[in-house]
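The following block contains the structure, expressed as structure tokens.
Given the structure is predicted, the values throughout are model-derived calculations rather than measurements. Numbering of ligands and ligand atoms starts at 1, following listing order.
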Amino acid sequence: MGPLVPVALVLTMACDEPASDPVPATPAEPFSSQLDRDAHSYANPDEVVVRHLDLDWDINFDQRTLSGTAVLLIERVADSAGTLLLDTRGLSISSVEVAGGAGVWLPAPFRLGDEDPILGTPLEVTLPEAVARVRIVYATSPDASGVQWLTPVQTAGKVHPFMFTQSQAIHARSWIPLQDSPGVRVTYRATVRTPAALRAVMSATNDAETLLDGEFTFEMLQPVPSYLIALAVGDLEFRAMTDRTGVYAEPTLVEAAAAEFDDTEAMMVVTERLYGPYRWDRYDLLVLPPSFPFGGMENPRLTFATPTVIAGDKSLVALVAHELAHSWSGNLVTNATWRDFWLNEGFTVYLERRIVEEVFGRARAEMEAALDRDVLTAELARLDGQDQILHVDLVGRDPDDGFTQVPYLKGELFLRLLEQWFGRDRFDSFLRGYFDHFAFRSIVTDDFVVYLNQHLLADGTDLAQVLQIDAWLEQPGLPDNAPHSDSDALARVEAQAARWANGDAEVGRLDTDSWATQEWIYFLKSLPESLTAEQMVELDEVFGFTRAGNAEVVHQWLLIAIRNGYETAYSRLETYLVTIGRRKLIKPLYDELVRTPDGRARAEAIYQMARPGYHPIAASSIDEVLGR
Ligand code: BES
Ligand code: ZN
């Protein structure tokens, strides 16, 4: 920790309303998670733990700040605890006060440590005895890593500004001073003041009927980790889908979004049948402007989603299955540190596939698994051994850079192995029991292993060895018992692509009438690396890839276009990169561009235009590609 920062003692004493009354705190049963320190937080929850937040903010679009107060309800875990350590990044803190249960606010000594480029700045508050609440008055920085401020031009409606937060993995600290570790769960209440006519929504109770009068209140009474606290403000309308599902989106998008996500209720019914009750009451989706850096983010009660998933034919809604699945694998049972991220994502991809299979059929689930198998193979070929490990070591690294496809896809294969070994019925009830057992807790990999040993591996001696559990969790590469991911449909597509590439069939003769999006994507992936100018023209004339509407299909096509210097597609490439900010869709295009000098020049020129519209997370990834 750095030198003492002078603290201006201009603090007022105020008698405040009594503390709100949060849901009973998480019981402190000693999972080993409590022994594994989170390498990405300065907080000291082993001494003092924050249980609840009362938040009050003004949203200022002109200054690009969120400002106001955070009241933290704390509980001493260690008797001797005399300081509270919080995570912050770029916050301007104007005062810190402390109070007893319902008592008077008194200024508290605090100091900010040195800023770490990854972790931000620790805030150390000295706690007198019998303190139950800490009040921090603060404002965010205009370039907070967890907040994106959009001008009207960057929205669908072009009239109103828009802002949204993205806290995962360690960005909550850039807009709230808190214990920013997934091992700490809090309940929260919030009041948000916005410019007139705009609507604020949060990962909490949202009242679709509320007046747009510039003030909104929210409650999240189930304890959630900090990375799931989320806020968005914009010109948002609501459309109900069923009595517990609905969509928030800009007015011009809301109809299309509700139609696209029409199967959400069916997905919920399936997931509840397999894995137990949905414990978050409502499930709504928020469609963000296209600069949203991810496909989806599982903010509780309100998944945040990219508009690029609205293809018009429901072909990309596995993403909804995925984010919904996190309501069990992640939001209910959470990784306690970021090295246990596979517990969130591996389980979620497994659940996602099961949901897709139930709602859209086995062939679709198999196609998605087979596509991902190739993604994993490519990812493993690219990564160092250390990063191929599920229980990955992220010490000293930014989790944003450490996250790869490994926790998702190797994690899913591991669970599928267990499913195949023990049978679906057995494995389904195992998972259901696991979600119940660890509900509303944060756990580490070892907690899972202990539970696995007790429940499934107790079946026979040496099962852990037979199944190579240690190799799956702690070693690089894929163990030789990894399940296969075969898709008959994709095998037929591959054969057709080969026939065309070998000159055995003309494009027009290919049998593509019944192809789903996943088959088109695989077709494009199955084409030879290098194609002639005539072949590119032929493909484009017959199938119209350059002007296709599906963002994933266009993405695959643009990769091929760059690789083969197909200039006809360049203007689409430019529009694509300037309007879309979803990292997964844009980064591979920049990667492909920088492989040649001409491409690099084009990438630089496009990035010049595009960068101001990108989210800080996407911009920092592309900066790296371009060596900025
Ligand atoms: N929770 C993740 C997104 C995330 C991960 C944000 C790590 C920040 C850090 C979300 O559930 C996710 O995995 N989204 C995927 C889509 C999914 C269908 C694989 C994405 O955004 O691409
Ligand atoms: Zn996920």
Side-chain angles (χ1 to χ4, degrees), residues 40 145-146 148 164-172 174 180 182 203 224-230 261 267 285-288 290-300 302-309 311 315-335 337-356 364-365 368-369 371-372 375-376 379 392 394 397-412 415 517-518 521 551-552 555 580-588 615-618 620-621:
H40 295 101
S145 62
Q148 192 180 15
F164 66 89
T165 66
Q166 165 59 42
S167 295
Q168 197 178 14
I170 56 170
H171 300 290
S174 76
D180 196 9
S203 54
V224 293
S226 55
Y227 76 87
L228 293 177
I229 304 178
F261 301 144
M267 292 179 182
L285 290 130
L286 167 68
V287 179
L288 288 140
S291 71
F292 184 58
F294 297 106
M297 177 64 215
E298 67 272 25
N299 297 314
L302 185 64
T303 282
F304 283 24
T306 171
T308 62
V309 72
S315 59
L316 304 178
V317 298
L319 182 129
V320 176
H322 180 97
E323 305 312 336
L324 171 68
H326 273 305
S327 307
W328 286 261
S329 46
N331 302 2
L332 192 60
V333 181
T334 307
N335 50 225
T337 80
W338 294 113
R339 70 177 308 195
D340 310 300
F341 186 54
W342 79 276
L343 291 175
N344 271 15
E345 297 298 347
F347 278 66
T348 295
V349 175
Y350 175 81
L351 265 59
E352 169 198 334
R353 295 267 198 275
R354 296 294 304 275
I355 299 168
V356 167
R364 168 109 163 240
E368 291 185 343
L371 281 166
D372 275 345
V375 170
L376 178 60
E379 187 79 330
V392 60
L394 293 174
R397 296 165 67 185
D398 187 337
D400 281 343
D401 304 332
F403 293 155
T404 68
Q405 294 291 336
V406 169
Y408 288 79
L409 303 180
K410 185 175 171 182
E412 187 269 337
L415 296 186
T517 293
Q518 287 68 27
I521 291 172
E552 299 270 4
H555 170 85
I580 297 176
R582 180 178 171 189
R583 186 168 59 175
K584 189 191 119 185
L585 293 180
I586 60 171
K587 182 172 176 293
H615 187 281
I617 291 176
S620 108
S621 297

Checking K584, K587, R583, H615 against S621 for side chain to side chain donor-acceptor pair (under 3.5 Å), the one that qualifies is R583

Let me confirm one number: the CD-NE2 distance from E298 to H326, rounded to the nearest 0.5 Å.
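Separation between the atoms: 3.5 Å.
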
Atom CG in D400, atom CD1 in I170: separation rounded to 0.5 Å?
7.0 Å

Which ligand 1 atoms does Q166 reach within 4.0 Å, using its non-hydrogen atoms?
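Once the distances to Q166 are compared, the set is 6 (C), 8 (C).
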
Would the distance check show the side chain of R582 and the main-chain N or O of P293 forming a donor-acceptor pair, the cut-off being under 3.5 Å?
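Not confirmed, R582 side chain does not pair with P293 backbone.
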
Can you list, by chain and residue number, the protein N, O or S atoms under 2.8 Å from the Zn ion (ligand 2)?
H322 NE2, H326 NE2, E345 OE1, E345 OE2

Please identify which of these residues, N344, N335, T334, meets the side chain to side chain donor-acceptor pair (under 3.5 Å) condition with Y227.
N344

What atoms of ligand 1 come within less than 4.0 Å of a heavy atom belonging to F341?
5 (C), 7 (C)

Proximal atoms of ligand 1 relative to G295 (non-hydrogen, under 4.0 Å)
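Once the distances to G295 are compared, the set is 20 (C), 21 (O), 22 (O).
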
Proximal ligand 1 atoms for F403, defined as those under 4.0 Å from one of its heavy atoms:
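Numbered from 1, ligand 1 contributes 7 (C), 9 (C).
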
Mind telling me whether H322 and Y408 have parallel, tilted or perpendicular rings, with 30° and 60° as the class edges?
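The rings of Y408 and H322 lie parallel, inter-plane angle below 30°.
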
Among all protein heavy atoms, pick out the one at the shortest distance from atom 4 (C) of ligand 1; state its residue, atom name and that distance to 0.1 Å.
Q168 OE1, 3.2 Å

Nearest atoms (heavy-atom pairs only) where S145 meets P616:
O-CG, 4.0 Å

One finds that the ligand 1 atoms under 4.0 Å from a non-hydrogen atom of E298 are 1 (N), 2 (C), 10 (C), 11 (O)

Heavy-atom contacts with Y408 under 4.0 Å: which atoms of ligand 1 show up? List them by number with element.
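Those atoms are 2 (C), 5 (C), 12 (C), 13 (O), 19 (C).
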
Exam field: side chain H555 to backbone L585, donor-acceptor pair closer than 3.5 Å
yes

Closest heavy-atom pair and its distance - I586, I580:
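Here I586 and I580 meet closest at CG2-O, 3.4 Å.
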
Heavy-atom nearest pair, V356 first then A318, reads CG2-CB, 3.8 Å

Going by the closest heavy atom to atom 14 (N) of ligand 1, which one wins out of M297, R583, E323?
E323

Centres of the F164 and F304 rings: under 6.0 Å?
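Judged by ring-centre distance (under 6.0 Å), F164 and F304 do not meet the cut-off.
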
State the atoms of ligand 1, each with its element, that fall below the 4.0 Å cut-off from a heavy-atom position in H326.
11 (O)

Could you tell me which non-hydrogen atom of S291 sits nearest to which non-hydrogen atom of Q148, and how far apart they are?
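Here S291 and Q148 meet closest at OG-OE1, 2.9 Å.
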
Nitrogen or oxygen of E352 less than 3.5 angstrom from that of ligand 1:
no

Do any nitrogen or oxygen atoms of G296 come within less than 3.5 Å of a nitrogen or oxygen of ligand 1?
yes

Protein contact to atom 2 (C) of ligand 1 [nearest heavy atom, distance to 0.1 Å]
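So the nearest neighbour among protein heavy atoms is E345 OE2, 3.3 Å.
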
